[in-house]
J.: 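Have a look at the structure that comes next, please.
All values below were derived from every heavy atom in this structure, side-chain atoms included, with hydrogens, water molecules and symmetry-related copies excluded. What you see is a predicted model; the values in this text were computed from it and never measured.
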Amino acid sequence: ERIVVEVYTGGPSDIYIMNADGCDFLNLTQQSESRNRWPAPSPDGRQIAFTSRRNGRFVTYVMDIDGSNVRRVGDGSMAEWSPDGSRLVVTGRPGEGDNVDLYILDVETGALTQLTDRANDDNHADWSPDGRHIAFQSHEGGEWFNGNMDTSVSVVDVQTGVVTRL
């Protein structure tokens, strides 16, 4: 078994993989000037989605589990794989100053489809095992970086876009 982690030391960060016992710690991204964040192994364990700030803004990349074949797949950050491995749920801002919303990113084509469009910041999303719903955290007012906000968990139906607060 292998573990994929982000190592952040206050500046640039990289994605590493290691054995479950902590041995064979290997830097997969080796981007000394970039912030490589939020690694997410694919359901079949052959790829890793991650966010990188290589060109001045966060975008989603996918690489093979050994760090090879790195490719930009689209806009967004904090990616999580769909159960079938064909799509990613990502967070993004449609424009400067807009709230953070959820998007579905097609891994093959790079097509980006907006899933939520709310006055809240929606992030930290994950798929249901059947791929029909996505649970996520929502910041409902205040400034999250100051700890001054209301946070809730909601679920969105991937087909209809209907959001239910839990």
Side-chain angles (χ1 to χ4, degrees), residues 4-15 28-29 31 33-43 47-63 70-166:
V4 179
V5 297
E6 168 193 344
V7 175
Y8 176 66
T9 58
S13 54
D14 280 304
I15 308 298
L28 298 176
T29 49
Q31 294 284 319
E33 299 301 316
S34 299
R35 291 187 69 190
N36 300 288
R37 311 225 33 219
W38 303 296
S42 62
Q47 300 179 92
I48 301 168
F50 65 101
T51 302
S52 184
R53 194 174 189 152
R54 296 176 183 201
N55 297 314
R57 65 186 184 110
F58 285 120
V59 297
T60 298
Y61 289 81
V62 170
M63 65 180 157
V70 177
R71 59 211 175 276
R72 183 186 187 276
V73 292
D75 291 336
S77 63
M78 301 175 84
E80 289 293 337
W81 292 90
S82 62
D84 68 3
S86 67
R87 300 172 293 168
L88 296 162
V89 60
V90 297
T91 61
R93 292 179 191 268
E96 193 63 37
D98 289 339
N99 289 326
V100 176
D101 292 309
L102 299 181
Y103 295 81
I104 301 294
L105 175 60
D106 185 291
V107 175
E108 192 66 33
T109 68
L112 195 65
T113 305
Q114 190 165 0
L115 187 59
T116 63
D117 184 9
R118 300 166 5 109
N120 308 327
D121 283 345
D122 300 331
N123 53 33
H124 299 290
D126 205 356
W127 296 79
S128 63
D130 63 9
R132 294 176 42 210
H133 298 91
I134 294 172
F136 62 95
Q137 179 179 341
S138 185
H139 303 295
E140 301 170 357
E143 298 173 328
W144 65 268
F145 49 86
N146 288 331
N148 179 23
M149 66 178 161
D150 293 324
T151 302
S152 66
V153 175
S154 296
V155 174
V156 61
D157 183 301
V158 175
Q159 275 301 100
T160 66
V162 173
V163 175
T164 304
R165 183 176 175 175
L166 303 180

J.: Find out whether W81 and Q47 are in side-chain contact, i.e. whether some heavy atom of one side chain is under 4.5 Å from a heavy atom of the other.
T.: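 Yes; the side chains approach each other to less than 4.5 Å.
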
J.: State the CZ-CE distance between F50 and M78, to the nearest 0.5 angstrom.
T.: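 The CZ atom of F50 sits 15.5 Å away from the CE atom of M78.
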
J.: Out of curiosity, L166 CG to S152 OG, how far, rounded to the nearest 0.5 Å?
T.: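 Spacing of CG (L166) from OG (S152) equals 8.0 Å.
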
J.: Other residues, nucleotides and ligands only: do more than 12 of their heavy atoms fall within 6.0 Å of CZ on R72?
T.: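 Yes - once you tally the heavy atoms of other residues, nucleotides and ligands closer than 6.0 Å, there are more than 12.
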
J.: D101 and Q114: side-chain donor and acceptor closer than 3.5 Å?
T.: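 Looking only at side-chain atoms, Q114 and D101 do form a donor-acceptor pair, the distance falling under 3.5 Å.
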
J.: Please report the closest heavy-atom contact between P83 and S128, naming both atoms and the distance.
T.: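 P83 and S128 have their closest heavy atoms at CG-O, 3.3 Å.
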
J.: Under the side-chain contact (heavy atoms from CB on, under 4.5 Å) rule, what do I15 and V4 come out as? Steps first, then yes or no, please.
T.: CA-CA 7 Å; I15 308 298; V4 179; 3.7 Å; yes

J.: Grab the two heavy atoms, one from G85 and one from V107, that are nearest each other, plus how far apart they are.
T.: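 Distance-wise, the nearest heavy atoms are O-CG2, 4.4 Å.
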
J.: Going through the distances and angles, do V158 and W127 end up as a side-chain contact (heavy atoms from CB on, under 4.5 Å)?
T.: CA-CA 9 Å; V158 175; W127 296 79; 3.9 Å; yes

J.: Is the closest side-chain heavy-atom distance between N36 and T51 below 4.5 Å?
T.: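 A side-chain contact under 4.5 Å is absent here.
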
J.: Heavy atoms only: give me the nearest G110-L105 pair and the separation to one decimal.
T.: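 Shortest heavy-atom separation between G110 and L105 comes out as O-CD1, 3.4 Å.
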
J.: Shortest non-hydrogen contact from S138 to D122?
T.: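 So the minimum-distance heavy-atom pair works out to OG-OD1, 3.0 Å.
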
J.: Do you know which two heavy atoms are closest between S154 and R165, and how far apart they sit?
T.: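 The answer is OG-CA, 3.5 Å.
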
J.: Tell me whether the guanidinium CZ or amine NZ of R35 lies under 6.0 angstrom from the six-membered ring centre of F58 and within 45° of its axis.
T.: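 Because its charged atom misses either the 6.0 Å distance or the 45° angle limit, R35 does not stack over F58.
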
J.: Quiz question: by atom type and distance under 3.5 Å, do the side chains of S82 and D84 form a donor-acceptor pair?
T.: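 Indeed, the side chains of S82 and D84 share at least one donor-acceptor pair under 3.5 Å.
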
J.: Just verifying a value: how many Å separate I48 CD1 and M63 CE, rounded to the nearest 0.5 Å?
T.: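 Answer for the CD1-CE pair, I48 versus M63, is 4.5 Å.
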
J.: Under 4.5 Å between any side-chain heavy atoms of T60 and D75, yes or no?
T.: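 No; the side chains remain at least 4.5 Å from each other.
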
J.: Do Q137 and T151 touch side chain to side chain, with heavy atoms closer than 4.5 Å?
T.: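 In contact.
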
J.: Taking side chain as C-beta onward, heavy atoms only, is F136 less than 4.5 Å from V155?
T.: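 No, too far: nothing below the 4.5 Å cut-off.
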
J.: Find out whether L102 and V90 are in side-chain contact, i.e. whether some heavy atom of one side chain is under 4.5 Å from a heavy atom of the other.
T.: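 No, side chains not in contact.
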
J.: So V62 and R71, side-chain contact (heavy atoms from CB on, under 4.5 Å) or not? Walk me through it.
T.: CA-CA 6 Å; V62 170; R71 59 211 175 276; 3.3 Å; yes

J.: Closer than 3.5 angstrom, by distance alone: can the side chain of T109 be matched with the main-chain N or O of A111 as a donor-acceptor pair?
T.: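 Side chain of T109 to backbone of A111: a pair is present.
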
J.: Can you tell me how far OG of S34 sits from CG of D14, rounded to the nearest 0.5 angstrom?
T.: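 One finds 8.0 Å between CG of D14 and OG of S34.
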
J.: Distance alone, cut at 3.5 Å: any donor-acceptor contact between the side chains of R54 and S52?
T.: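 Side-chain D/A pair, R54 to S52: present.
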
J.: Side chains of L115 and I134, heavy atoms from C-beta outward: is any pair under 4.5 Å?
T.: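 Of all side-chain heavy-atom pairs linking I134 with L115, at least one is under 4.5 Å.
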
J.: Just checking, R87 and Y103: is the charged tip under 6.0 Å from the six-membered ring centre and within 45° of the axis?
T.: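 Not flagged: R87 not positioned over aromatic ring of Y103.
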
J.: Is it the case that S77 and T91 place a side-chain donor and acceptor less than 3.5 Å from each other?
T.: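 Yes - a donor-acceptor pair under 3.5 Å links their side chains.
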
J.: If you measure from NE2 on H133 to OG1 on T160, what distance do you get to the nearest 0.5 Å?
T.: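 Between atom NE2 of H133 and atom OG1 of T160 there are 7.0 Å.
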
